[in-house]
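First comes the structure, then the notes that go with it.
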Amino acid sequence: MTIRVRYFAGLREQMGRAEEQLAFEDLACVADVWKAVCQGRPLPENVLCAVNMEYAGADTPVRDGDEVAFFPPVTGG
């Protein structure tokens, strides 16, 4: 399965790239994508996720051709 993974704001800087196209095997959900790109680390609770431009949870299923995006927590005042 091929998935486009995008990173925004501080996560883009931490990852050193804005996006990547990756081929995975045995991925079921957004949390699995995060673990695959972050060397097995679990998805932090404060990271926002989207699948195909719709907010999603860690357990949201992913399919071949999906775009998965990760956003750091938003603050402001």
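We're numbering straight along the sequence, starting at 1.
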- Could you note down all residue pairs passing side-chain hydrogen bond (donor to acceptor under 3.5 Å, both in side chains) where residues 24-48 supplies at least one of them, sequence neighbours left out?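 Applying side-chain hydrogen bond (donor to acceptor under 3.5 Å, both in side chains) to every pair that reaches into residues 24-48, excluding sequence neighbours, yields nothing.
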| request: Just grab all the side-chain hydrogen bond (donor to acceptor under 3.5 Å, both in side chains) pairs involving residues 59-71, residues at least two apart or on different chains. | output: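 side-chain hydrogen bond (donor to acceptor under 3.5 Å, both in side chains) check on residues 59-71 returns Arg4-Glu67, Asn52-Asp66.
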Go through the structure and list residues passing side-chain contact (heavy atoms from CB on, under 4.5 Å) with Ala69, not counting sequence neighbours.
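Expected list: Arg6, Phe8, Ala50, Phe71.
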Residues that Ala9 engages under side-chain contact (heavy atoms from CB on, under 4.5 Å), provided they are two or more places apart: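 side-chain contact (heavy atoms from CB on, under 4.5 Å) check on Ala9 returns Pro72.
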Q.
I need the full list of ring-ring contact (aromatic ring centres under 6.0 Å, His included) pairs touching residues 41-68, with sequence neighbours left out, sorted by first then second residue.
A.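 Non-adjacent pairs meeting ring-ring contact (aromatic ring centres under 6.0 Å, His included): zero.
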Quick check on Gln21: does its CD atom have over 12 non-hydrogen neighbours (other residues, nucleotides or ligands) under 6.0 Å away?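 Enclosed: over 12 neighbouring heavy atoms sit under 6.0 Å from CD of Gln21.
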### Message
Check for me, please, whether Val37 and Val68 land in the same ILVMFWY cluster - side-chain distances under 4.5 Å, paths through other members count.
### Response
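Both belong to a single hydrophobic cluster.
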Can you tell me how far the CZ atom of Phe70 sits from the CG atom of Leu43, to the nearest 0.5 Å?
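Here the rounded value is 6.0 Å.
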Among Val62, Ile3, Val47, exactly one meets side chain to side chain contact (heavy atoms under 4.5 Å, CB included) together with Val30. Which residue is that?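 When Val62, Ile3, Val47 are each tested with Val30, the side chain to side chain contact (heavy atoms under 4.5 Å, CB included) holds only for Val62.
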Legend entry - Verdict with supporting geometry, Val5 and Val33, side-chain contact (heavy atoms from CB on, under 4.5 Å): CA-CA 8 Å; Val5 184; Val33 174; 3.8 Å; yes
- Query: Listed by chain and number, what are the ring pair (Phe, Tyr, Trp, His ring centres under 6.0 Å) partners of Tyr7, not counting sequence neighbours?
  - Reply: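 None.
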